[in-house]
Amino acid sequence: MTTDSAPQQRLLVGTYPASGEPGSGEGIWSLDLDLGSGELSGARQLVEAVSPSFLALSPDRDVVVAVSETSQGRVRTFAVEGDALVATSDASTGGEDPCHLVVGRGDVLVANYSTGSLAVLPTSADGRLGGSVATFAHTGSGPVRDRQRSPHAHFVLEVSERFVWVSDLGTDEIRRYRRTSTPGVLVADGVAVTFPPGTGPRHVALGADGTAFVVGELDSQVHVVRTASDGSGVLVASLPACSTPATEKGSFPSHIALSQDGTRLYVAVRGPDVLAAFAVETGDGEGPVVRHLADSPSGVVWPRHHAVLTSSAARVEGEEPDGGPVCDLVVVAGQTSGDVTALRVDRETGIADLVSSVPLPAPACIMAV
């Protein structure tokens, strides 16, 4: 039973333009999630922004950074002031259609999808963008001609304090970059991981032991990669991203994320529109073993992104023998259906139940703040 004292988690939601025309009123929204009941409420638009399809939070959690996913790619920063966001700076990414970013200490790293490049934007002490942008262009292509004619940088990950990975859907690679002793200055350092042709590596989740879980958008697989101290990686296992058959639209995984304790892995798959749950178990020395548990309806059409949180109901209603949570809450952005859902996932079975849904125009990113 949910108690009156169940904590609330604030969520920010990045969106696409619902009309399809950037700058038609889309922006960043706020939602409240009851961690006990899973109820979503309080949907409201905080600011208008052009196609803010991905959001990231500064290390001090006082600045929100958003891409502007257009052909004139830009990044905007917003100061967090109570429940409000206040625009503070704006800069070009030096490329087209930025789709992902991470905020470091002293820089913002951005994946420019259409130009296939990494952008490094310096930031000041208060998180504002400033200085000249540095870009690193990828080269190459892949066998899926309608999707891999050229590089398509899709995701940026700080795999360690020293190394940065950029997944490239167009070239079936993860590119490696090395941080220098100068804040905000990176050096291209070759290829960290090469995947089978036609993989289309999209998003990455990094475990506490250094294992990386990479979802292939084009092959609909989860790839398990063992990382090394030099920033390289070795592909050690692959398995289907879900067991649900593809629809006439296909089967295209979007996002992959670990539970807060790292023992469950969740993949959203567009087409079947399911959330696939996996157990991450101790292996025999080659890294963890990933075991598929279940697919469940996501409650949305075209699930583009999701956030995983631990339900406080697990602590209210009961716990596993080891004191761990018995369920997770997964909040899913339905890009095409125009809604956000909250799913409660039984961690033993992996089966998810829909517990709440709210309408929200073309949601693309869910971020806990």
**Request:** Determine yes or no for a side-chain-to-main-chain donor-acceptor pair under 3.5 angstrom, with Asp273 supplying the side chain and Trp302 the backbone.
**Result:** yes

**Message:** Regarding Arg179 and Glu161, does a basic nitrogen lie under 4.0 Å from an acidic carboxylate oxygen?
**Reply:** no

**Prompt:** Is there a donor-acceptor contact under 3.5 Å linking the side chains of Asp60 and Ser58?
**Reply:** no

**Request:** Determine whether Leu31 and Val340 make a side-chain contact, defined as any pair of heavy atoms from C-beta on separated by less than 4.5 Å.
**Result:** yes

**Request:** Classify the ring geometry between His306 and His255 as parallel (under 30°), tilted (30 to 60°) or perpendicular (over 60°).
**Result:** perpendicular

**Request:** Give a yes or no on whether a salt bridge exists between Asp168 and Arg175, defined as a side-chain N under 4.0 angstrom from a carboxylate O.
**Result:** no

**Item:** salt_bridge(Asp328, Arg347) N-O dist < 4.0 Å
**Value:** yes

**Minimum heavy-atom distance Thr77-Leu129, with the two atoms named** = CG2-CG, 3.7 Å

**Asked** Do side-chain atoms of Asn112 reach the backbone of Thr93 as a donor and acceptor pair under 3.5 angstrom?
**Response** yes

**Fill in**
For Ser356 and Gly38, the nearest pair of non-hydrogen atoms, with its separation, is CB-O, 3.3 Å

**Request:** Look up atom CZ in Phe155 and atom CG in Leu169, then write down how far apart they are to the nearest 0.5 Å.
**Result:** 13.5 Å

**Item:** Gap between atom OG1 of Thr227 and atom CG of Asp209 - 0.5 Å precision
**Value:** 7.5 Å

**Item:** Donor + acceptor pair across side chains of Tyr113, Glu69 (<3.5 Å)
**Value:** no

**Request:** State, yes or no, whether a side-chain contact exists between Thr282 and Val289 at a heavy-atom distance under 4.5 Å.
**Result:** no

